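Since the model is a prediction, treat every value here as computed from it, not as a measurement. We use all heavy atoms of the structure for the numbers below, so side chains are in, but hydrogens, waters and symmetry mates are not. All ligand and atom numbering here is 1-based and tracks the order in the structure.
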Amino acid sequence: MRRVSIFGATGSIGQSTLDLIGRETNRYHVVALTGGRNVARLAKDARRLGAEIAVTAHEELLDELRAALAGSGVEAAAGAGAIAEAASRPADWAMSAIVGAAGLLPGLRALEQGTTLALANKESLVTAGPLVIETARKHGATVLPVDSEHSAVFQALKGEDIASVERVILTASGGPFRDWSAERMAHVTVAEASTHPNWEMGQRITIDSASLFNKAMEVIETHEFFGIAPEKIEVIVHPESMIHALVGHNDGGLIAHVGPPDMRHAIGYALNWPERRPLPVARLDLAGIGRFSFEAPDETRFPALRLAREVMAEGGLAGAAFNAAKEAAMDRFLAGTLGFTGMAPLVERVLDRMSGEGSLGIDRFSLDNVTRIDAEARAIAMRQTAEE
Ligand code: NDP
């Protein structure tokens with residue numbers, strides 16, 4: 001039996017992971033499941049799968065979790081420290097699917113045990129890529145990409161020499177506002193931004209997809225994970241979301257990964273790696289689909305892609321500042337105190353200020369300096385709020 005843990009088990013990626021694990025319970029022993037506010041779902045899945053421990057991020061919900069697990073034999077715990085402790089329990093494979101920078105620490109703890117980490121939490125690589133890669137190396141652990149684009153690149157690179165890679169092309173659906181004017185985008189509501197044309201995902205990544213901040217994160221993630229130079233990473237809008245990424249080699253050939261927009265493919269690939277096993281995802285009917293279309297992204301209406309290049313050029317802790325400022329900007333958008341098109345300018349102001357002050361350079365990556373810059377960037381984003 002493989003020992004598995006899922007961080008962010010109650011979310012979209014977590015539930016898709018449990019769907020796959022729940023189909024073959026004889027293959028898996030569930031060590032830890034972690035969640036946030038959805039204690040009922042966490043307890044139900046922990047009971048159903050016979051988890052050793054269930055942890056909510058919120059200490060005030062511990063009594064509720066204990067009550068929901070009464071008589072099950074599943075241990076209950078709460079708080080960020082308890083999630084990190086649960087992530088330190090020996091497991092063969094763990095899914096990192098907490099949303100936001102809160103996903104970094106549990107991932108690092110799992111890597112320190114030598115656990116194979118399936119990484120959906122792209123914030124880990126954007127904020128602390130070198131730390132994640134170094135921790136895995138030091139402890140003989142493996143990191144597997146779960147973002148569909150990065151899983152696609154990983155699969156397209158199988159058996160290839162990375163030195164022959166001329167470019168990596170990430171596809172973007174373009175989101176719900178692909179054809180909207182800048183004026184119309186200024187009045188986008190939270191409900192409009194929370195609906196994706198092709199993918200069913202958590203609210204934050206859905207809004208990030210609508211602003212192309214998600215693609216900006218993925219460009220940085222590609223650079224950090226595969227070590228591909230920023231100038232070799234391209235983004236193309238492909239509204240059908242069937243081609244997930246393409247790898248271009250120095251002989252002019254492109255290797256594409258094509259599949260239905262169902263995260264269980266990328267999750268299942270990481271779960272079964274290095275094997276391939278049958279997965280319950282739809283098979284594409286290419287004649288029925290008829291055609292694939294492509295267009296260049298519009299960086300005037302979607303400045304996040306330009307910001308990603310600036311972050312990579314700055315290096316150091318710029319990714320941590322970028323992600324924290326982006327999360328703070330989204331908090332404001334969700335609270336109704338910042339317009340949809342106000343998010344990118346706010347992130348840019350935070351980055352400009354921190355870069356101008358020389359705060360983003362470092363000699364060495366550590367969790368402490370990532371955490372410090374994350375907090376500073378959020379505080380500046382909040383002060384910018386007050387100054388506006
Ligand atoms: P969801 O919002 O659906 O789920 C997030 C999970 O994290 C939930 O279990 C939630 O708990 C938990 N959580 C929220 N805040 C905290 C916190 N502070 N501490 C601990 N746990 C917390 O997100 P998704 O599943 O969509 O995304 C998860 C990650 O995967 C993100 O990094 C995203 O960018 C990435 N990803 C997602 C894809 C997708 O298709 N959804 C595709 C590629 C990458 P609760 O709900 O109980 O409050």
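Near M201, meaning under 4.0 Å from one of its heavy atoms, ligand 1 places the atoms 26 (O), 39 (C), 40 (O), 41 (N). Each of the following atoms of ligand 1 lies closer than 4.0 Å to a heavy atom of G35: 11 (O). For ligand 1, the atoms sitting less than 4.0 Å from at least one non-hydrogen atom of I83 are 20 (C), numbered in the order shown with element in parentheses. Taking a cut-off of under 4.0 Å to the non-hydrogen atoms of I13, the atoms of ligand 1 that pass are 25 (O), 30 (O), 37 (C), 38 (C), 39 (C), 40 (O), 41 (N), 42 (C). Near N121, meaning under 4.0 Å from one of its heavy atoms, ligand 1 places the atoms 32 (O).
An N or O contact shorter than 3.5 Å is missing between W199 and ligand 1 by distance. Considering both main-chain and side-chain atoms, T34 never comes within under 3.5 Å of ligand 1 through any nitrogen or oxygen pair. At least one N or O atom of R37, backbone or side chain, sits closer than 3.5 Å to an N or O atom of ligand 1. Residue N38 places at least one N or O, backbone or side chain, under 3.5 Å from an N or O of ligand 1. Considering backbone and side-chain N/O of G202, one or more are found under 3.5 Å from N/O of ligand 1.
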Stepwise side chain to side chain contact (heavy atoms under 4.5 Å, CB included) test for R349 and D352: CA-CA 5 Å; R349 286 200 298 280; D352 284 351; 5.7 Å; no
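For S211 (side chain) and D208 (main-chain N/O), a donor-acceptor pair under 3.5 Å exists by modelled atom type.
By the 30° and 60° cut-offs, the orientation of the rings of F177 relative to F340 is perpendicular. By the 30° and 60° cut-offs, the orientation of the rings of H238 relative to F294 is parallel. Using the six-membered ring where Trp is involved, H150 and F226 have ring planes that are parallel, under 30° apart on the 30 and 60° scheme.
A heavy-atom separation below 4.0 Å is found between K122 and ligand 1. Residue-ligand proximity: A97 is placed with a non-hydrogen atom under 4.0 Å from ligand 1.
Residues D374 and E327 have side chains not in contact (no heavy-atom distance under 4.5 Å, counting atoms from C-beta outward). Side-chain contact between T116 and D92 is absent, with no heavy-atom pair separated by less than 4.5 Å. A heavy-atom distance below 4.5 Å is not found between the side chains of E224 and V126. When side chains are defined from C-beta on, H249 counts as touching V165, because their heavy atoms get closer than 4.5 Å. With contacts defined as side-chain heavy-atom distances shorter than 4.5 Å, the pair E149/V235 does not qualify. A 4.5 Å side-chain heavy-atom check between M263 and T17 finds every atom pair outside the cut-off.
In this structure, atom 18 (N) of ligand 1 lies nearest to the protein heavy atom A102 CB, 3.7 Å. If you check which protein heavy atom lies closest to atom 4 (O) of ligand 1, you get G11 CA, 3.1 Å. At the top of the distance list for atom 35 (C) of ligand 1, counting protein heavy atoms only, stands A120 O, 3.1 Å. Nearest to atom 14 (C) of ligand 1 among the protein's heavy atoms is V99 CG1, 3.8 Å. Nearest protein heavy-atom contact of atom 44 (C) of ligand 1 is D147 OD1, 3.4 Å. Residue, atom and distance of the protein heavy atom nearest to atom 11 (O) of ligand 1 are G36 N, 2.9 Å. Of all protein heavy atoms, the one lying nearest to atom 36 (N) of ligand 1 is I205 CD1, 3.5 Å. Here the heavy atom of the protein found nearest to atom 46 (O) of ligand 1 is T10 OG1, 3.5 Å.
Closest approach of V132 to L111, counting heavy atoms only: O-CD1, 3.7 Å. Taking all atoms of both residues into account, the shortest heavy-atom contact from D262 to W199 is N-CZ3, 3.4 Å. Closest of all the heavy-atom pairs between M201 and S209 is CE-OG, 3.5 Å.
Residue R204 does not touch ligand 1, judged by heavy-atom distances below 4.0 Å. Only side-chain heavy atoms of A57 come within less than 4.0 Å of ligand 1; its backbone N, CA, C and O stay farther off.
For atom 22 (C) of ligand 1, the nearest non-hydrogen atom from the set D208, I98, I267, V126 comes from I98.
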